[in-house]
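Below is one structure, written out as C-alpha cells, with a few remarks after it.
Keep in mind that what you see is a predicted model, and the values were worked out from it rather than measured. Order of listing sets the numbers, starting from 1, for every ligand and every atom in it.
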Amino acid sequence: MTLQTNNDTLITIFGGSGFLGRHLVRALCKRHYRIRAAVRRPDLAGHLQPLGRVGQIHAVQANVRHSRSVEAAVRDADVVINLVGILFDRGRQQFDSVHAFGAEQVALAAAAHGARMVHVSAIGADENSPSLYARSKAQGEKAVLAAMPSATVFRPSIMFGPEDDFFNRFASMARFLPALPLVGGGETRFQPVFVGDVAEAIARAVDGNAKAGAIYELGGPEVRTFKQLMEYVLATIERKRILLPLPFPLAKLQAQILQYLPKPPLTPDQVELLKRDNVVSAAAIHQARTLEALGVAPTAIEVIVPTYLWRFRKSGQFRTSRVA
Ligand SMILES: NC(=O)c1ccc[n+]([C@@H]2O[C@H](COP(=O)([O-])OP(=O)(O)OC[C@H]3O[C@@H](n4cnc5c(N)ncnc54)[C@H](OP(=O)(O)O)[C@@H]3O)[C@@H](O)[C@H]2O)c1
C-alpha cells in the first residue's frame, strides 16, 4: 500500500483568486499540496502563480452558478474548498444563486466525487435574519451540510490583511471626506480576524485537524465597536476626521441611493447586517469551535494593519508626526 502525501493531494479551491483565496493558496502550497484554483477568469488569476512552485497551482474556469463547470473543476480532487462570496448582488450574481445554490452545487459535486469539503460562510449567518446576505449564507451552510455532513464550515468575522476591503476602504475615505459615518452610532461590535489566521485554520482542517460536520466561528483577539475601529484607523493614518453618528433609518435612506454605484460603499442589506454584533458566540467558545481550538493564536490588528495603512498617511512611509 502506498501512502498518500500532500504532493499527491489535489485541492480544488472555488474563489481561490480572492482576498482569502490567495492567503489560503499560500498556506497550502507551503504544505506541498497541489492546487486547482477554480475561478471565473483564469486569465486574471496570474497573481497566484508566485505563491507556489512551478506547476503547483493550476487555474481552471468555473462558475458556481453553473453546475457543469463545478463538476469539471471538482473531478479527481481529494479536497474541495468553497470560498465564493459576494457583498452585494448585481445582475446574475444574486445572494441566493451564489451563496445558497452555488454552495450546494460545490457540495453535491464534492460528495459525488468522494472528496472532503471545507466551506466558508460568515459570522451572522442566520436563516431568520432581515439581511439577505445573512440568510443566503445560512442557506448555503445548510445545503452544504445536507449534501456533505462531514464538511467543515468556517464563519469568520471581518477579515483584515493587506488587501482587505474594510480598513483600506475607511482609510481611503478619510483621505477626501471631512467626516466618517458611524452607522447606528457605531455601537455594533466586531472581532476582526487576520486573514492569514483564517487561512491557517482552513489549512489545518485540510490537514485533518478540524471536526467534521462542525461550524467554526473565527474571530481575532479583541472585540471592538465600529466607532473604536474608526478611531483606530484615524490614529494609524494620523488624520483627524469627524466621526458622524448616522441613525439606522438615515443610513438606510442613504444606502438606497448608494446601492446603485458600481461598487456600492453601503447597501440597505448591509445596514441590516450592521444592526447585529459580529462576534464569536459563547456557544462556539464553549464547544471549542474557534481559532484557538485549532491551535491558532489570533493576531492583533496592531501587528498587521499599520504595515499596510501607512500609505494613507499624509507623509506616506517617510515621516510620521509621532517621530519628531
Ligand atoms: N472579507 C471578509 O471580511 C469576510 C468576512 C466574513 C466572511 N467572508 C467570506 O469569506 C469568503 C472569502 O471572502 P473574500 O473576502 O476572500 O472575498 P473576495 O475577495 O471577494 O473573493 C471571493 C471570490 O469569489 C469568486 N466568485 C464570485 N462569484 C463567483 C461565481 N459565481 N463563481 C465562482 N467564483 C465566484 C470571486 O472571483 P471573481 O474574480 O470571479 O469575482 C473571488 O475569487 C466569502 O465567502 C465571504 O463571504 C469574508
Item to check | Close N or O approach (F19, ligand 1; < 3.5 Å) | outcome: yes

Checklist outcome for this item: shortest atom 23 (C) of ligand 1-to-protein heavy-atom contact is with G15 CA, 3.7 Å

Checklist entry - Is the shortest distance from a heavy atom of R155 to ligand 1 less than 4.0 Å? => result no

Next on the checklist: Check for me whether G102 has a heavy atom closer than 4.0 Å to any atom of ligand 1.
Outcome noted: no

Checklist entry - Relative to each other, are the rings of F194 and H23 parallel, tilted or perpendicular (30° and 60° limits)? => result perpendicular

Item to check | N/O separation below 3.5 Å, G21 to ligand 1 | outcome: no

Next on the checklist: With a 4.5 Å cut-off on side-chain heavy-atom distances among I, L, V, M, F, W and Y, is there a chain of contacts connecting L108 to M148?
Outcome noted: no

Checklist entry - In the protein, which heavy atom is nearest to atom 47 (O) of ligand 1, and how far is it? => result K137 NZ, 2.9 Å

Next on the checklist: Please state which option from G85, G16, S121 has its nearest heavy atom closest to atom 8 (N) of ligand 1.
Outcome noted: S121

Next on the checklist: I'd like to check S131 versus D269 (side-chain heavy atoms, cut-off strictly below 4.5 Å). Are they in contact?
Outcome noted: yes

Next on the checklist: Testing the basics here: between R53 and N7, what is the closest heavy-atom pair and its distance to 0.1 Å?
Outcome noted: NH2-OD1, 3.6 Å

Checklist entry - Under 4.0 Å from any heavy atom of I158, which atoms of ligand 1 are there? => result 3 (O)

Next on the checklist: Could you report the tightest heavy-atom contact between N6 and R31, atom names first, then the distance?
Outcome noted: ND2-O, 2.8 Å

Checklist outcome for this item: Note: Y133, heavy atoms under 4.0 Å from ligand 1, region reported as side chain

Item to check | Point-to-point distance, once rounded to the nearest 0.5 Å, from CZ of F154 to CG of L218 | outcome: 6.0 Å

Next on the checklist: Does the protein come close to atom 36 (C) of ligand 1 - that is, does one of its heavy atoms sit below 4.0 Å from that atom?
Outcome noted: no

Checklist entry - What atoms of ligand 1 come within less than 4.0 Å of a heavy atom belonging to L20? => result 16 (O)

Next on the checklist: Does K263 form a salt bridge (Lys or Arg N to Asp or Glu O under 4.0 Å) with D165? I'd like the steps, not just the answer.
Outcome noted: CA-CA 11 Å; K263 201 180 169 202; D165 200 28; 3.6 Å; yes

Item to check | Ligand-side contact atoms (ligand 1) for residue partner N63, heavy atom cut-off under 4.0 Å | outcome: 30 (C), 31 (N), 32 (N), 33 (C)

Next on the checklist: With the threshold set at under 4.0 angstrom, would you say S97 reaches ligand 1 through any of its heavy atoms?
Outcome noted: no

Next on the checklist: Yes or no: does F101 have any heavy atom under 4.0 Å from an atom of ligand 1?
Outcome noted: no

Next on the checklist: Looking only at the aromatic ring of each residue, does the gap between the centers of F19 and F166 stay below 6.0 angstrom?
Outcome noted: no

Next on the checklist: Taking 4.0 Å as the limit for heavy-atom contacts, which would you say applies to A38 with ligand 1: side chain only, backbone only, both, or neither?
Outcome noted: neither

Checklist entry - Which heavy atom of the protein is the closest neighbour of atom 10 (O) of ligand 1, given with residue, atom name and distance? => result V120 CG1, 3.4 Å

Checklist entry - Got the closest protein heavy atom to atom 21 (O) of ligand 1, with its distance? => result G18 CA, 3.5 Å

Next on the checklist: A side-chain contact here means heavy atoms from C-beta on lying under 4.5 Å apart; do S17 and H47 qualify?
Outcome noted: yes

Item to check | Nearest non-hydrogen protein atom, atom 5 (C) of ligand 1 | outcome: S157 O, 3.3 Å

Next on the checklist: Hydrophobic clusters here meaning ILVMFWY residues chained together by side-chain heavy-atom distances under 4.5 Å, can you tell me if Y308 and M173 are in one?
Outcome noted: yes

Next on the checklist: Yes or no: does L83 have any heavy atom under 4.0 Å from an atom of ligand 1?
Outcome noted: yes

Checklist outcome for this item: Taking every heavy atom of L291 against every heavy atom of P298, the minimum-distance pair comes out as CD1-CB, 3.9 Å

Checklist outcome for this item: atom 32 (N) of ligand 1 has as its nearest protein heavy atom V64 N, 3.0 Å

Checklist outcome for this item: In ligand 1, the atoms that come under 4.0 Å of a heavy atom of A62 are 33 (C)

Checklist entry - Can you tell which of E141, E217, R155 makes a side chain to side chain donor-acceptor pair (under 3.5 Å) with S121? => result E141

Checklist entry - R68 and E71: salt bridge (Lys or Arg N to Asp or Glu O under 4.0 Å), yes or no, with the steps? => result CA-CA 5 Å; R68 274 212 272 182; E71 274 272 324; over 6 Å; no

Checklist entry - Would atom 17 (O) of ligand 1 count as contacted, meaning some protein heavy atom under 4.0 Å? => result no

Checklist outcome for this item: When distances are taken from atom 43 (O) of ligand 1, the protein heavy atom at minimum range is S17 OG, 3.1 Å

Checklist outcome for this item: If you scan protein heavy atoms around atom 26 (N) of ligand 1, the nearest is V84 CG1, 3.6 Å

Checklist entry - Would F170 and F226 count as a ring-ring contact (aromatic ring centres under 6.0 Å, His included) if you check the C-alpha gap in whole Å, the side-chain angles of each, and the deciding distance to 0.1 Å? => result CA-CA 11 Å; F170 289 105; F226 186 82; 5.4 Å; yes

Checklist entry - Is it true that Q93 lies under 4.0 Å from ligand 1, counting heavy atoms only? => result yes

Checklist entry - Is F160 reachable from L274 through a run of I, L, V, M, F, W or Y residues, each pair having side-chain heavy atoms under 4.5 Å apart? => result yes

Checklist entry - Step by step, would you call Y133 with T267 a side-chain contact (heavy atoms from CB on, under 4.5 Å)? => result CA-CA 11 Å; Y133 173 90; T267 65; over 6 Å; no

Checklist entry - Any idea which of E163, R22, Q94, R40 brings a heavy atom closest to atom 41 (O) of ligand 1? => result R40

Checklist entry - By number and element, which atoms of ligand 1 are closer than 4.0 Å to a non-hydrogen atom of P156? => result 6 (C), 7 (C)

